[in-house]
Every structure is written in structure tokens, then in C-alpha cells.
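Below is one structure, written out as C-alpha cells; the observations come after it.
Only heavy atoms go into these numbers, but all of them, side chains included; no hydrogens, no water, no symmetry mates. Everything numeric here is computed off the predicted structure, so don't read it as measured data.
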Amino acid sequence: MSTTNGMIGKSVKRVEDKRFITGKGRYTDDIVLPLQTHASFVRSPYAHANISGIDLEVAKTMPGVIAIYTGADVAAINGVPCGWQVNFKNGDTMKEPKHPLLADGKVRHVGDPIVVVIAETAALAKDAAQMVMVDYEELPVVINAAEAVKTGAPLVHEDVPNNICYDWALGNPIAEVDQAMEEAAHITTLEFVNQRLVANPIEPRSYNAFYDEANEKYTLYTSTQSPHLIRLLLSTFVLGIPEHKLRIVGPDVGGGFGSKGDHYAEEAVLTWASKNINRPVKWTAERSESFISDVHGRDHVTKAEMGFDAEGKILALRVKTYANLGAYLGTFGPAVPTYLYGTLMQGLYTTPKINVDVTGVFTNTTTVDAYRGAGRPEATYLLERLMDLAALEMGKDPAALRMKNFVPPFDGVNQPGYQTQVALLYDSGNYQGVLEKGLKMLGYEDFRRKQLESAQNGTLLGVGFSTYIEACGLAPSALAGALGARAGLYEMGQVRVQPTGKVSVYTGSHAHGQGHETTFAQIVASKLGIPIADIEIVHGDSDSMAFGMGTYGSRSLAVGGTAIVKSIEKIIEKGKKIAAHRLEANADDLEFDQGKFTVKGTDKSISFGDVALTAYVPHIYPADLEPGLDFTSFYDPANFTYPFGCHIAVVEVEKDTGKVALQRFIAVDDVGNIINPMIVEGQIHGGVAQGIGQALFEGAEYDSNGQLTNATYMDYCMPRADDFPMFETANQITPCPHNPLGVKGAGEAGTIGSTPAVVNAVINALWSGGHQVKDIRMPLTSERVWRAMQAPVNE
Amino acid sequence: MQIRVKVNGIDYIHEVEPRLLLVHYLRDVLHLTGTHVGCDTSICGACTVQVNSKPTKSCTMFAVQADGCEILTVEGLAPNGELHVLQEGFKEMHGLQCGFCTPGILMTMTDYLKHNPEPSEEDIRHALKGHLCRCTGYQNIVKSVQYAAAKIANKEEVPA
Ligand code: FES
Ligand code: FES
């Protein structure tokens with residue numbers, strides 16, 4: 001289709017910034033409703049216990065208390081639903097024990113909510129909550145997924161044998177993979193833990209619910225990534241109220257990173273309670289509460305083996321993973337270590353035989369679900385650690401080893417997509433390109449020379465590579481459905497042209513830092529030839545949008561953006577009919593460019609604004625055409641999108657202390673076409689920082705009693721400004737062949753690529769000093785690195 | 001207890017509970033919701049305001065301790081609608097994504113620039129140590145501060 005006014009590909013400054021930099025953002029906790037009340041939750045201090053009694057007598061008499069509810073009050077209500085079903089290898093459906101809104105006589109992790117106290121102020125609610133007396137009978141605890149499946153391990157749910165939610169496999173038959181491994185000249189084996197992380201958006205979760213008695217309608221303000229998804233789950237699956245009698249508003253949201261994609265018990269409890277007390281009720285998590293009640297990410301125990309022939313060609317990959325799902329299933333929980341992990345095991349390589357086997361396991365820990373990247377960082381970590389380690393073990397160059405095994409370039413148009421052994425069809429790629437660019441930015445040969453010299457002076461310098469691919473743009477509904485998704489994964493985009501030619505766009509995507517109000521406006525401005533100032537992007541209110549699937553899995557631009565483009569196409573098509581009538585021409589003879597409908601080859605034209613006005617004041621108007629200029633489209637993608645890239649880290653390891661200094665970080669990402677380079681770069685920075693955070697700083701640590709021992713910012717090491725050098729970023733552009741914008745998605749790339757690059761760099765530094773260490777458990781604190789160096793040196 | 005404070009140039013007298021934190025006074029009593037709460041251990045810096053011109057974590061101070069003080073919050077940074085040069089820097093250099101950490105960082109760094117008009121990259125990173133941002137990876141925050149410093153060096157007055 002036609003036109004651009006230079007708006008696409010330009011670093012337009014964000015239109016949303018003004019309200020945030022002047023303190024006028026409106027986050028959920030900022031919203032105060034008339035007659036507002038406040039809630040506080042009593043949570044389990046034990047990881048596993050029977051509740052033998054709850055005494056509310058004192059709490060009830062505390063000042064300002066309005067209502068107190070326990071599990072018994074909500075027992076008749078359905079539990080928190082799971083949005084994705086994964087089957088056992090034998091076809092049985094996964095085990096899906098009820099996730100009660102408030103504990104049903106038993107608590108299964110520290111932080112499990114038991115009682116909610118509602119009072120006039122947050123402080124009074126907390127005072128009263130502290131006077132709730134709960135009697136516990138402690139039960140044995142299981143924390144580690146690989147331990148939890150052993151016979152005799154404590155059961156998190158009595159009706160789930162061996163705590164196994166599912167066992168699942170993907171790829172080639174295991175016998176074929178075993179056979180290929182037999183023929184390998186070299187096998188690189190890695191047994192490792194991909195540690196548990198806490199997403200930690202700086203805005204804690206917050207909800208505010210009220211019930212409008214006259215209209216019998218509930219409203220929930222929620223710090224969510226997916227308002228409509230919450231509406232569907234909460235109305236239909238939990239509370240059993242009609243969908244149109246529940247309005248969900250996701251106002252400004254202070255970061256999500258996956259942890260605000262889930263539907264949470266607190267949302268349901270507050271919404272339900274607001275009707276009982278007939279007043280609005282608000283709850284905002286304290287940070288120590290967020291740590292134990294927000295869904296966590298990662299937490300895999302894995303053994304991976306990669307077989308090579310004598311020349312270094314990959315022959316086979318065999319993977320066994322125990323994935324910790326926590327005490328209950330998250331909204332996407334079962335899918336993350338399977339369909340978002342196993343399916344990525346091809347990586348960028350031509351590996352002919354792959355088998356990945358995953359056991360999803362319940363433990364007495366906080367629920368594990370999507371955290372930025374969700375499954376794909378875990379897959380990338382596995383593959384890219386294996387590649388660098390294999391290169392070290394075989395004495396080959398890690399870049400050359402990758403080049404040898406890359407799938408050759410294909411654009412998805414003239415060359416077909418690449419069919420993997422693990423169910424996906426890659427859309428387009430040029431994997432050599434990003435690695436070459438990264439090596440150039442690094443100055444590879446110079447670096448190797450410097451590394452040798454440094455080693456002679458006793459300085460441990462290391463370089464680590466990671467060449468990654470991710471499946472984004474979630475997702476083709478039919479495929480997702482076949483893989484167990486219980487919802488469609490399309491997106492909605494409505495373009496409403498107002499009579500004066502101003503444009504309101506309603507999107508089902510949801511921004512919580514991604515800058516949709518700018519990027520989407522750029523698309524509309526470009527396609528309609530109007531200024532950005534004439535466009536508003538509206539999101540986050542289930543009463544305003546037809547529908548929406550929300551924002552996660554780097555899907556907003558590729559899926560949500562395309563839905564908007566489809567609606568614009570319809571606007572232009574109808575506009576042509578109106579313009580043709582006004583210009584007394586044939587609609588087929590019209591072209592639309594730079595905001596004008598013109599009769600081809602003439603100077604007869606009419607502006608977009610005039611056409612809009614005509615549509616709403618249809619005095620001179622085609623007889624067979626409806627008035628108005630407003631279209632809604634739903635876009636269901638034909639395939640996932642597959643961004644890819646190359647990340648390179650350079651580190652120096654201090655010999656005496658094991659301290660890692662990150663000297664350089666290079667990221668070459670190919671996210672397809674780019675609408676706003678500034679915003680894409682910002683997404684990469686943030687993602688890279690989180691990925692480096694996993695490698696060097698972060699990790700949720702449970703003790704054997706199931707206490708999260710670092711559940712505050714004092715103890716959980718969040719990366720800070722002085723932990724990083726300036727990241728060196730660049731792009732390569734291989735357009736996505738199956739969406740009209742040619743975009744692939746950029747939200748998770750940084751997190752997916754960066755972690756293994758950093759760990760590989762540290763391992764490489766140690767090898768350069770003769771310490772032939774295969775693995776160090778993340779995060780690579782100086783203590784862990786120092787201990788690894790104490791092993792005997794191989795000269 | 002009764003407190004008298006001046007916030008963003010306006011005088012207030014309020015009766016408050018002794019245990020009320022300054023941040024809750026600003027947010028719940030004065031409805032100045034630009035100051036945020038991100039933690040309960042005085043680590044994240046989202047709650048930073050200036051008390052008698054000193055950047056202060058308002059989650060770590062009782063409202064009664066602010067009795068008699070002058071307080072500046074993010075809402076007071078651009079009193080006449082004209083952005084502070086650092087606010088401008090954040091917009092120009094994409095120094096924010098979700099914006100939740102931003103007000104606190106603005107309150108620390110506007111003060112910092114007054115005393116350190118020509119900071120190095122390292123200085124800026126060090127000065128940001130009391131703040132957590134989960135979105136930006138800090139790089140563009142550093143650049144936003146550099147932008148403001150450069151503008152100030154070009155002899156533009158730093159307001160506030
Ligand atoms: S809320 Fe004050 S430092 Fe985090
Ligand atoms: S911009 Fe989101 S936390 Fe800093």
C-alpha cells in the first residue's frame with residue numbers, strides 16, 4: 001500500500017514521556033475512588049503446612065476494620081485458572097490441581113495468601129492483619145525440581161504423584177538421537193542450573209476494584225499486561241459473572257516483564273469482596289510481598305549433550321530438563337518450559353537430530369511463569385553455552401564453529417522458510433551476517449592477540465559469544481491451539497477517524513514502558529499522511545476496545561501493529577469511494593498518498609480531512625455506502641516471527657578475588673524492520689541489562705525450609721547503573737516476510753541473547769589462565785568464580 | 001501531631017499520625033502521586049524528593065520529621081510548564097520507559113548537577129547508585145544526564 005511521510009524508521013521522541021517526567025503518570029496505586037477501602041493479605045510464613053485454625057476474634061475488633069475473609073468464604077468460587085494445557089508423552093492431560101483464591105486448609109509456599117483484611121486505610125488493614133492468628137501444622141518441604149520427582153519426596157498436592165505435572169518431549173525419536181550420538185567424534189556435556197529469577201518491575205502489583213450496584217457491574221483497575229485476558233479469566237472462569245458486567249482497566253503500568261501477565265488470586269479476591277462490602281477496595285503489594293507472591297521465572301535443572309563429527313559439524317542434541325513450576329500453575333506456566341523452550345532447541349544450527357525431554361514439577365515455592373524471554377533465554381543459554389564449551393574442548397574457534405553450523409541465509413520469499421526438527425518454521429534469517437558484524441565491532445583478531453598477551457602477564461581476559469534466535473509475535477492461533485493454548489493469540493486494532501480527520505486508535509496491545517503511543521502513532525501517521533499530533537493511541541480499557549490479547553512475547557508491533565495496518569487499509573479503501581464520488585471519478589482511478597486522494601495522472605484531489613468530514617456529513621455521498629469512517633480488524637499471524645542476533649561480552653576476571661569486570665558488551669540484533677530505532681535500542685538496553693543481571697548478580701535463593709532468603713532489594717542483587725559499561729548496539733535488518741510491516745519484535749531479544757555471552761566470557765577467561773572449568777553456577781559472584789579457579793591448573 | 005510544610009511552594013498545615021511516612025503524606029494527603037513507592041527497604045529510590053534542597057528518600061522519613069521543611073517533588077520541577085533541562089534530557093535521550101523510577105531519579109540528579117556541572121560518565125553512574133531502574137539498563141539515563149550537563153555548560157541556567 002501507499003505512502004510514507006518519513007515517519008517510519010525515525011527516532012520520534014515519545015509522546016507519553018511528558019506525563020511521566022512531570023509526575024503525572026497514573027498508575028493503579030495513584031487512583032483513589034470515593035469511599036475507598038484498603039486490603040491487606042495474611043500470608044503463609046511456612047512453605048508447606050496444614051492450617052488447623054484461624055482466629056479472627058481480635059482482628060475483627062481492631063479499629064477501621066470493615067470485613068475479613070478466609071478460604072472458607074471463597075471456597076465455592078473456582079480457583080485461579082491456567083491458560084495453557086500441556087500433555088504427557090502418553091497423551092494424558094497435565095495434572096491441574098485447584099489453585100484456591102485463599103488457602104483451603106493447606107498452604108503450599110511461603111507467601112500463599114490465607115486471609116484478606118479490609119479496612120479504612122492501608123495501615124489499619126495491616127494492623128488488623130497482624131492480629132489474625134493462624135495455627136499451622138508444618139509439613140515436609142520440597143524445593144528442588146529434580147529432587148521433587150524422587151520416590152518418597154513430600155507431595156505438594158496429594159493427588160499429583162511424584163509432583164509431576166507433566167512429562168513431555170519434542171523432536172526426533174530418542175532412539176534416533178541416541179544413535180547419532182554414538183557416531184559422534186566428540187560429545188560436549190553440560191549439567192547445569194538455570195537459576196530462579198524475580199522479575200521485579202519497580203512498580204509493585206496493585207489492584208483497585210469496585211462494584212456499581214445500580215448497573216450490576218464490576219470494575220477492576222489492575223497493573224496488568226493483558227486487560228482483556230484478565231476480564232475473560234476473571235469473569236468467566238473464576239467469578240462466573242457475565243463478561244460484559246466486568247470492566248478491566250490497565251492504566252499506566254510500571255514495568256511488567258512477564259510477571260504482570262498472569263491472572264492473580266488477589267485480583268479475584270478484591271473484585272469479589274468489592275461487591276460484598278459495596279465499596280471500592282485497593283491493595284498494593286509491598287516489595288517483600290512482591291518477592292514471594294509475584295510469579296518467578298526460569299528455575300531449570302538440565303543435562304544437555306551435543307554431539308559433533310570430527311570436523312565440528314553438529315550431529316545431535318539431547319536435553320533433559322526438570323522445570324520447577326512452583327506450587328501452582330501460572331497462567332502460561334506449563335507452556336514456558338515446553339512450547340517456548342523445547343521448540344527453540346534448533347537454535348541457528350542445522351542440527352539434524354534433536355530430542356528434548358521436559359518434566360514439569362510442583363514444589364513448595366512461588367509459582368514460576370514467564371519472565372522476559374520466557375523459555376527462550378533458557379534454550380539459548382543451553383545451546384550457546386554448549387557451543388562455546390565445545391569450541392574450547394575441541395580446540396576450535398567459537399565463531400568459526402558457529403559459522404560451520406549456521407543455517408544458510410534465507411529471506412522467506414525467494415527461499416523457503418527453514419523447517420526445524422522441533423516444530424517451528426523459521427521465517428527469514430541471515431545468521432552469518434550478525435556474527436560477522438559483531439566480530440567486526442569487537443575487532444576479533446586484535447582481541448585474541450591482546451588476550452594472549454594478557455594471559456602472559458597473568459591477566460584473565462575472556463570473550464563470550466551468543467548467537468540466538470527467538471520465536472516471537474505470539475502467535476498463530478491454530479498452531480497455539482494445537483499446542484495447548486486455551487485462547488486465541490490474535491490482536492485487535494480499531495482505527496476511528498473523527499469528523500475533523502483526527503484519528504483515535506484502539507489497540508488490544510498494552511504498553512508498560514514499550515512506547516506504543518509513539519510507535520503505533522508513527523505507523524498511522526505514515527500510512528495516512530497526517531501528523532502524529534492528530535493521532536491518539538488508546539489502550540488498556542476493556543470497555544473501550546473490542547477485544548485484546550495484551551502484550552507479552554514481543555508481540556505488540558508484529559501482531560497488534562498489523563491489526564492497526566489492516567484497519568487503515570479498510571479506511572483508505574472506503575475513503576477512495578467517498579473521494580471518487582466527490583471528485584466524480586472512478587474509485588479504481590484514485591491513489592492515496594501524503595494524506596490526499598488524487599485521480600491518477602491529474603491534479604484533481606481531495607484531502608483526507610475532507611473525506612473524513614464527508615463520511616460524517618454525507619450530503620454528497622455514494623448511495624450504497626454507509627456513513628462514518630471507523631474500522632476494526634483482528635489479525636491472526638500466519639507464523640511466529642523469528643528475531644535473531646549475536647551478542648558478545650568481554651570480561652576481565654580478577655585473579656585474586658574472582659571478581660568479574662564486564663568491559664564491553666556488543667549486541668547486534670536483527671528484529672526485522674524498525675519503526676522507531678530509539679525505542680528499539682532502549683528495549684535492547686533494558687533486556688541486555690536483565691540478561692547480564694542473571695549472569696552476574698541475580699538469583700532467588702530458597703533454603704531447605706522453603707524460605708526465600710533474599711526477598712528484599714537489600715539481599716536480591718538488582719543491577720545498578722555502575723555495573724555496566726556503555727552497551728555497543730547495532731542492527732541488521734532481515735524483514736519478516738509474513739506481516740505487512742516486516743517487523744519481528746524487540747522486547748525480549750536483549751534478555752535472550754546476553755546471559756550466555758557473559759558466562760561464556762568468564763569461562764573463556766578462566767581457560768585462558770589454564771583453569772579448564774566447564775560451568776559455574778549463576779550468578780557468577782566473585783566467590784563462585786574464585787572457588788572455580790581453585791581447581792588445579794592445566795598448563 | 002500537627003505539621004507545617006511547604007511543598008512545591010505551597011504552605012500546608014496538617015494533623016498527621018506520628019507513624020505516617022513522608023511519602024504517604026505526599027501521596028495520600030496531598031495527592032502528589034508523582035512520588036512513588038517501589039520498595040520497603042530504602043533501596044530503590046523511587047520515592048526520592050528534595051527536603052530543604054537535599055535529595056531524600058521519603059519512604060525513610062516520617063512526615064512529622066519534615067515539620068518546618070521545604071519540600072520539592074517532581075510536580076514542582078517545572079512550575080511554569082517549562083521543563084527542567086534534565087526533564088528535557090530524559091525526553092530527548094529516551095531516559096525512561098515505564099516511567100516509574102523517573103521522578104525519583106530526576107529529584108536526585110537535578111540536585112547532583114547543581115553541585116557537579118561537569119560529571120564524567122563514571123561520576124553519573126556512581127551518582128545513580130541509589131536508584132533502581134528495571135527498564136532502561138541505565139544507559140539512556142546516563143545520556144539524559146549528560147544531555148542536561150552539556151546544555152548547562154552552554155551557559156543555560158539550571159532552574160530549581
Ligand atoms: S520506596 Fe523509598 S527507596 Fe524504595
Ligand atoms: S523506566 Fe521503568 S523502572 Fe525505570
With a 4.5 angstrom heavy-atom cut-off, which part of Asp30(A) approaches chain B: side chain, backbone, both or neither?
-> both

Heavy-atom distance under 4.5 Å between the side chains of Leu96(B) and Arg14(A), does that happen here?
-> yes

Relative to chain B, which segment of Phe291(A) carries a heavy atom at a distance below 4.5 Å: side chain, backbone, both, or neither?
-> neither

Residues of residues 22-29 of chain A with any heavy atom under 4.5 Å of a heavy atom in chain B | Thr22(A), Gly23(A), Lys24(A), Tyr27(A), Asp29(A)

Indicate yes or no: at least one non-hydrogen side-chain atom of His131(B) is less than 4.5 angstrom from one of Arg720(A).
-> no

Leu106(B) versus chain A, heavy atoms under 4.5 Å apart: side chain, backbone, both or neither?
-> side chain

Is the backbone of Glu203(A) close enough, under 3.5 Å, to the side chain of Arg134(B) for a donor and an acceptor to pair up by distance?
-> no

Is it true that Arg19(A) and Glu75(B) have a side-chain N and a carboxylate O under 4.0 angstrom from each other?
-> no

Flag side-chain contact, heavy atom, 4.5 Å: Phe20(A) against Pro103(B) | no

Is any side-chain heavy atom of Thr41(B) less than 4.5 Å from a side-chain heavy atom of Arg287(A)?
-> no

For Ile679(A), is it the side chain, the backbone, both, or neither that has a heavy atom closer than 4.5 Å to a heavy atom of chain B?
-> both

Go through the steps to decide whether His685(A) and Thr136(B) satisfy the test side chain to side chain contact (heavy atoms under 4.5 Å, CB included), and finish with yes or no.
-> CA-CA 6 Å; His685(A) 289 168; Thr136(B) 63; 6.0 Å; no

Measure the shortest side-chain to side-chain distance between Leu132(B) and Tyr713(A) over non-hydrogen atoms and say whether it is less than 4.5 angstrom.
-> yes

Gln514(A) portion near chain B, given a 4.5 angstrom heavy-atom threshold | neither

Residues of residues 117-127 of chain B with any heavy atom under 4.5 Å of a heavy atom in chain A = Glu121(B), Arg125(B), His126(B)

Hey, are Asp722(A) and Lys129(B) close enough for a salt bridge, meaning a charged N less than 4.0 Å from a carboxylate O?
-> yes

Does anything in residues 14-33 of chain B get under 4.5 Å of chain A by heavy atoms, and if so which residues?
-> Arg19(B), Arg27(B), Thr33(B)

Residue list, salt bridge (charged side-chain N to carboxylate O under 4.0 Å, His left out) with Glu120(A), at least two apart or on another chain = Arg279(A)

With a 4.5 Å limit on heavy-atom distance, are the side chains of Cys39(B) and Glu286(A) in contact?
-> no

Considering all heavy atoms of both residues, which atom of Gly137(B) and which atom of Phe724(A) are nearest to each other, and what is their separation?
-> O-CD1, 3.9 Å

Tell me, for Tyr138(B) versus chain A, whether the close heavy atoms (under 4.5 Å) come from the side chain, the backbone, both or neither.
-> side chain

Chain A contact via Val142(B) - side chain, backbone, both or neither, heavy atoms under 4.5 Å | side chain

